[in-house]
*Asks:* 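The structure that follows is given in the form of structure tokens.
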Amino acid sequence: MRVAITAKEPSIESKVDQRFGRSRYLIVVDTDTGNTEVHDNKVNLNAVQGAGIQTAQNIAMLEVEAVLTGHVGPNAFRALSAAGIRTYAGFQGTVGEAIEEFKSGKLSPIDSADVEKHW
């Protein structure tokens with residue numbers, strides 16, 4: 001399964017970025033093969049508005065099935081849900097730790113945004 005994680009730095013040792021739409025990097029991990037891809041999200045880092053929706057659209061094009069992040073707003077959550085991507089929020093540690101928690105199967109996807117717009 002391909003999983004996208006919001007990250008502050010372009011590595012698996014990076015902290016998970018708490019902001020979904022304005023995350024600096026998106027790291028995609030194939031949980032079956034362990035292959036990792038780093039995608040620059042700089043264009044949305046400083047977007048005036050619509051960063052969450054644009055990031056969700058970019059993630060949908062990466063053909064992932066799940067997103068791990070700190071927090072996600074309502075517009076981004078709706079865009080991810082419309083694309084059939086499950087969202088897991090509340091991660092505080094590193095990208096690698098988030099992947100291990102996800103692979104353990106003990107997590108549940110959220111069913112709505114966990115923050116208001118423009119937090």
Side-chain angles (χ1 to χ4, degrees):
M1 173 187 294
R2 288 172 56 86
V3 178
I5 306 99
T6 58
K8 293 181 175 276
E9 302 291 332
S11 78
I12 201 112
E13 293 84 22
S14 168
K15 290 281 191 183
V16 172
D17 198 320
Q18 296 301 295
R19 304 167 304 167
F20 172 77
R22 297 184 190 283
S23 173
R24 178 64 174 89
Y25 295 97
L26 302 169
I27 297 180
V28 176
V29 176
D30 186 316
T31 58
D32 297 325
T33 66
N35 288 341
T36 302
E37 304 166 12
V38 176
H39 298 272
D40 194 326
N41 195 41
K42 184 178 179 180
V43 68
N44 291 316
L45 180 66
N46 298 314
V48 176
Q49 60 184 358
I53 292 172
Q54 291 178 13
T55 298
Q57 291 171 338
N58 291 341
I59 286 176
M61 288 190 296
L62 296 173
E63 299 179 348
V64 303
E65 297 177 54
V67 170
L68 313 179
T69 189
H71 301 283
V72 63
N75 291 338
F77 182 81
R78 280 191 293 272
L80 290 168
S81 294
I85 299 170
R86 290 172 287 165
T87 303
Y88 298 78
F91 291 97
Q92 297 286 326
T94 67
V95 169
E97 291 167 344
I99 286 295
E100 290 306 314
E101 283 187 51
F102 178 78
K103 287 170 64 175
S104 75
K106 297 177 183 174
L107 305 176
S108 298
I110 59 174
D111 57 5
S112 63
D114 71 329
V115 292
E116 297 295 321
K117 294 170 66 172
H118 307 291
W119 63 281

*Asks:* Could you state the interatomic distance from CD (E116) to NE2 (H71), rounded to the nearest 0.5 Å?
*Replies:*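 Output value for this atom pair is 13.0 Å.
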*Asks:* Starting from F102, can I reach I27 by hopping between I/L/V/M/F/W/Y residues whose side chains sit under 4.5 Å apart?
*Replies:*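 Per the 4.5 Å side-chain linkage, I27 and F102 are co-clustered.
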*Asks:* Is I5 linked to V38 within one hydrophobic cluster, defined over Ile, Leu, Val, Met, Phe, Trp and Tyr using a side-chain heavy-atom separation of less than 4.5 Å?
*Replies:* yes
*Asks:* Applying side chain to side chain donor-acceptor pair (under 3.5 Å) between R24 and each of N41, D40, T6, report the one that passes.
*Replies:* D40
*Asks:* What are the two closest heavy atoms between F91 and Q18, and how far apart are they?
*Replies:* O-NE2, 2.7 Å
*Asks:* On a heavy-atom basis, which atom in T31 and which in V3 lie closest, and how many Å separate them?
*Replies:* CG2-CG2, 3.9 Å
*Asks:* For the pair S81 (side chain) and R78 (backbone), establish whether a donor and an acceptor sit closer than 3.5 Å, ignoring hydrogens and angles.
*Replies:*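 Not confirmed, S81 side chain does not pair with R78 backbone.
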*Asks:* As an exercise, state the distance from CD of E9 to OG1 of T94, rounded to the nearest 0.5 Å.
*Replies:*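 E9 CD to T94 OG1: 12.5 Å, rounded to 0.5 Å.
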*Asks:* To the nearest 0.5 Å, tell me how far D30 CG sits from E65 CD.
*Replies:*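 The CG atom of D30 sits 9.5 Å away from the CD atom of E65.
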*Asks:* If you round to the nearest 0.5 Å, how far is CZ of R22 from NZ of K42?
*Replies:* 15.0 Å
*Asks:* Any idea which heavy atoms bring A56 and A76 closest together, and the distance?
*Replies:*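 The pair with the smallest heavy-atom distance is CB-O, 4.0 Å.
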*Asks:* Return the minimal non-hydrogen interatomic distance between Y88 and A66, and the atom names on each side.
*Replies:*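 Shortest heavy-atom contact: CE1-CB, 3.9 Å.
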*Asks:* For a side-chain contact (heavy atoms from CB on, under 4.5 Å) check, start with the C-alpha distance between T36 and V29, then their side-chain angles and the critical distance, and finish with the verdict.
*Replies:* CA-CA 5 Å; T36 302; V29 176; 4.1 Å; yes
*Asks:* Tell me, do L68 and V16 make a side-chain contact under 4.5 Å, heavy atoms counted?
*Replies:*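 They are not in side-chain contact.
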*Asks:* Would you kindly confirm whether V67 and M1 end up in one hydrophobic cluster when ILVMFWY residues are joined by side chain heavy atoms under 4.5 Å apart?
*Replies:* no
*Asks:* Rounded to the nearest 0.5 Å, what separates atom CG in L26 from atom OG1 in T55?
*Replies:*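 Result: 6.5 Å between the selected atoms.
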*Asks:* Looking at every heavy atom in both I85 and A60, which two are closest together, and how far apart are they?
*Replies:*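 Scanning both residues completely, I find the closest heavy atoms to be CD1-CA, 3.8 Å.
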*Asks:* Minimum heavy-atom separation for P109 to R86, with atom names?
*Replies:*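 Closest heavy-atom pair between P109 and R86: CB-CB, 4.1 Å.
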*Asks:* Donor-acceptor pair, distance only, cut-off 3.5 Å: does the side chain of S14 make one with the backbone of K8?
*Replies:*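 Judged by distance alone, yes, a pair lies under 3.5 Å.
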*Asks:* How about CD on E63, more than 12 heavy atoms from neighbouring residues, nucleotides or ligands closer than 6.0 Å, or not?
*Replies:* no
*Asks:* Check the pair D17, T69 against side-chain contact (heavy atoms from CB on, under 4.5 Å), reporting the backbone distance first and the verdict last.
*Replies:* CA-CA 7 Å; D17 198 320; T69 189; 6.0 Å; no
*Asks:* Run the numbers on F20 and I59 for side-chain contact (heavy atoms from CB on, under 4.5 Å), then give the verdict.
*Replies:* CA-CA 11 Å; F20 172 77; I59 286 176; 3.5 Å; yes
*Asks:* Got N58 and N44 here, is their nearest side-chain heavy-atom distance under 4.5 Å?
*Replies:* yes
*Asks:* Can you tell me how far the CG atom of L62 sits from the NE2 atom of H39, to the nearest 0.5 Å?
*Replies:* 4.5 Å
